[in-house]
Amino acid sequence: MALLTPEDLENINKQLQEADSTVRRVTGLDIKGICKDFYGTTPCCEKVGIVPVTSGNGIIGSFSESLNAIAGYFGFDSFITDMPDVSGYYEAVKNGARIILMADDNTFLAHNLKNGKIANNQPCTGIIYAEIASRYLKADSKEVLAVGLGKVGFPGAAHLVQKGFKVYGYDADRTLLEKSVSSLGIIPFNPVSPEGDRQRKFSIIFEATPCADTIPESVISENCVISTPGIPCAISKELQKKCGVELVMEPLGIGTASMLYSVL
Ligand SMILES: NC(=O)C1=CN([C@@H]2O[C@H](COP(=O)(O)OP(=O)(O)OC[C@H]3O[C@@H](n4cnc5c(N)ncnc54)[C@H](O)[C@@H]3O)[C@@H](O)[C@H]2O)C=CC1
Ligand SMILES: NCCC[C@@H](N)C(=O)NCCCC[C@H](N)C(=O)O
């Protein structure tokens with residue numbers, strides 16, 4: 001899995017505020033409103049314990065601090081434990097944490113100790129970015145392009161299928177593309193070299209790849225939202241400006257909010 005860097009998390013509050021205003025423009029609701037409406041839950045001063053984890057590549061600079069800022073932004077009472085790992089987990093519980101947030105190199109979880117609910121960042125991220133895209137107020141059709149069908153993208157594409165959208169999809173990994181076609185019924189469509197479908201454009205695009213510039217101008221409709229957790233960004237700033245694309249993209253907060261609301 002591509003790991004976050006401290007650079008990705010710089011000015012996390014500013015990134016979150018900017019993403020929130022884009023989400024509000026795109027859907028009419030802010031991120032809180034989307035999570036509340038989608039999960040049917042509202043925070044009620046649950047205490048969130050954030051536990052740094054030293055395994056694998058170790059602690060990522062400002063990752064825990066970013067989670068603390070994000071939890072506060074969404075109205076949770078949160079703290080970072082002094083100790084990492086098992087000692088940190090013990091410290092969190094002893095200090096009254098109701099929800100534990102912790103991540104190693106492979107899994108980023110939220111666990112509600114009271115109701116037993118547990119969430120994984122990858123599906124929670126894919127689903128919430130897909131949900132935001134699905135609520136685009138200026139969408140000109142129910143057709144969606146989903147690029148990147150991995151641990152984040154597949155759950156997001158599945159969510160769009162379940163919501164009744166006609167999902168065109170692509171993944172550079174042929175096996176994953178074939179699995180998505182057979183299990184979700186998505187229509188294979190390579191945005192970079194579409195066979196036959198040269199003029200197909202989309203006003204709703206969901207992207208979840210670790211590659212830059214995966215969305216070419218040829219598939220961007222006049223009114224278009226690109227909802228993408230993918231890092232680096234799926235579209236250049238120049239192309240975004242040229243096409244007037246609404247870009248919903250943020251490195252950690254939207255996915256974390258989805259996790260927290262899903263375990264309430
Ligand atoms: N913003 C956020 O909150 C979060 C962001 N991420 C980011 O989302 C991205 C995806 O993460 P995962 O799904 O866990 O990774 P993954 O490796 O499971 O899936 C990525 C998929 O993209 C495909 N891919 C790569 N280049 C492609 C291209 N040019 N065109 C089409 N498909 C291409 C790969 O074949 C793979 O199936 C990563 O950049 C990750 O850092 C992940 C979790 C949260
Ligand atoms: N964008 C949300 C998904 C993050 C994920 N791509 C990642 O970097 N995971 C590694 C987190 C490692 C955290 C570290 N163990 C710490 O506790 O600081």
Side-chain angles (χ1 to χ4, degrees), residues 1-9 12 15-16 19 31 49-68 70 80-81 83-86 88-89 92 100-110 119-130 132 145-158 168-180 186 188-194 205-216 219 226-235 247-260:
M1 170 174 26
L3 301 183
L4 278 169
T5 67
E7 293 69 35
D8 292 330
L9 299 172
I12 191 69
Q15 291 195 66
L16 201 43
I31 299 163
I50 298 158
V51 184
V53 173
T54 61
S55 66
N57 284 279
I59 285 173
I60 294 179
S62 71
F63 179 75
S64 292
E65 292 74 11
S66 298
L67 290 181
N68 205 23
I70 289 159
I80 304 169
T81 59
M83 295 297 284
D85 306 325
V86 175
Y89 190 99
I100 300 288
L101 277 183
M102 60 196 298
D104 64 14
D105 290 353
N106 300 299
T107 302
F108 171 21
L109 66 80
N120 180 304
N121 173 261
Q122 287 154 331
C124 281
T125 299
I127 289 166
I128 203 68
Y129 274 86
I132 289 166
L145 175 61
V147 178
L149 300 166
K151 293 182 282 301
V152 172
F154 185 88
Y168 292 78
Y170 181 67
D171 194 291
D173 179 321
R174 187 144 207 82
T175 313
L176 277 176
L177 179 57
E178 285 165 3
K179 172 193 155 197
S180 303
I186 66 168
F189 178 89
N190 181 346
V192 177
S193 53
I205 298 174
F206 165 62
E207 195 269 7
T209 81
C211 292
D213 305 328
T214 52
I215 306 298
V219 298
I226 299 179
S227 184
T228 173
I231 302 170
C233 191
I235 182 173
L247 179 65
V248 178
M249 176 191 176
E250 186 276 339
L252 185 59
I254 296 174
T256 302
S258 179
M259 294 165 75
L260 289 169

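Heads up: numbering here begins at 1 and tracks the sequence. Whatever order the structure lists them in is the order used to number ligands and atoms, beginning at 1.
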Any nitrogen or oxygen of Ala103, main chain or side chain, under 3.5 Å from a nitrogen or oxygen of ligand 2?
yes
Identify, with sequence neighbours excluded, every residue that meets side-chain contact (heavy atoms from CB on, under 4.5 Å) alongside Pro216.
Pro191, Ser218, Val219
Cys211 to ligand 1: N or O pair under 3.5 Å?
no
For Val147, take its heavy atoms, then give the atoms of ligand 1 lying under 4.0 Å from any of them.
31 (C)
For ligand 2, which part of Pro229 has a heavy atom less than 4.0 Å away: the side chain, the backbone, both, or neither?
neither
Is any N or O atom of Gly255, backbone or side chain, closer than 3.5 Å to an N or O atom of ligand 1?
no
I'd like to check Phe108 versus Thr125 (side-chain heavy atoms, cut-off strictly below 4.5 Å). Are they in contact?
no
Counting only nitrogen or oxygen atoms and a 3.5 angstrom limit, does Val152 reach ligand 1?
yes
Give the atoms of ligand 1, by number and element, whose distance to some non-hydrogen atom of Asn121 is under 4.0 Å.
43 (C), 44 (C)
So the atoms of ligand 1 within less than 4.0 Å of a heavy atom of Pro210 turn out to be 20 (C), 22 (O), 25 (C), 39 (O)
Just jot down the ligand 1 atoms closer than 4.0 angstrom to any heavy atom of Leu252, in number order.
3 (O)
Geometry only, no angles: is Ile231 polar-contacting ligand 2 at N/O separations under 3.5 Å?
no
Looking at ligand 1, does any of its N/O atoms fall within less than 3.5 Å of an N/O of Glu250?
yes
Minimum distance, heavy atoms only, to atom 10 (C) of ligand 2: which one of Thr54, Thr256, Asp104 is it?
Asp104
Heavy atoms only: which of Ala208, Gly148, Gly153 lies closest to atom 20 (C) of ligand 1?
Ala208
Select one of side chain, backbone, both or neither to describe which atoms of Thr214 lie under 4.0 Å from any atom of ligand 1, heavy atoms only.
side chain
Looking at ligand 2, would Gly56 count as a contact under a 4.0 Å heavy-atom criterion?
no
Of all the atoms in ligand 2, which lie at a distance below 4.0 Å from a heavy atom belonging to Pro52?
17 (O)
Check this for me - ligand 1, Pro229, N or O atoms closer than 3.5 angstrom, yes or no?
yes
For Ala2, state whether at least one heavy atom is located under 4.0 Å from any atom of ligand 2.
yes
State whether the shortest distance between N or O atoms of Ala172 and N or O atoms of ligand 1 falls below 3.5 angstrom.
yes
Enumerate donor-acceptor pairs with a distance under 3.5 Å from any side-chain N or O in residues 49-63 to protein atoms, sequence neighbours excluded.
from: Thr54; atom 1: OG1; to: Asp85; atom 2: OD1; distance (Å): 3.3
from: Thr54; atom 1: OG1; to: Asp85; atom 2: OD2; distance (Å): 2.5
from: Asn57; atom 1: ND2; to: Asp105; atom 2: OD2; distance (Å): 2.9

Are the side chains of Ile254 and Pro229 in touch, meaning some heavy atoms are under 4.5 Å apart?
no
Using a 3.5 Å cut-off on N or O atoms only, is Ile59 in polar contact with ligand 2?
no
Out of Asp173, Asp171, Asn120, whose heavy atom sits nearest atom 36 (C) of ligand 1?
Asp171
Could you tell me which atoms of ligand 1, counted from 1 in the order shown, lie closer than 4.0 angstrom to a heavy atom of Leu176?
37 (O)
Quick check: do Tyr129 and Thr228 have side-chain heavy atoms less than 4.5 Å from each other?
no
Quick check: does Lys151 get an N/O under 3.5 Å from an N/O on ligand 1?
yes
Residue part near ligand 2, for Ser55, under 4.0 Å between non-hydrogen atoms
neither
Indicate yes or no: does an N/O atom of Leu3 lie under 3.5 Å from an N/O atom of ligand 2?
no
Ligand 2 and Ile60, any nitrogen or oxygen pair closer than 3.5 angstrom?
yes
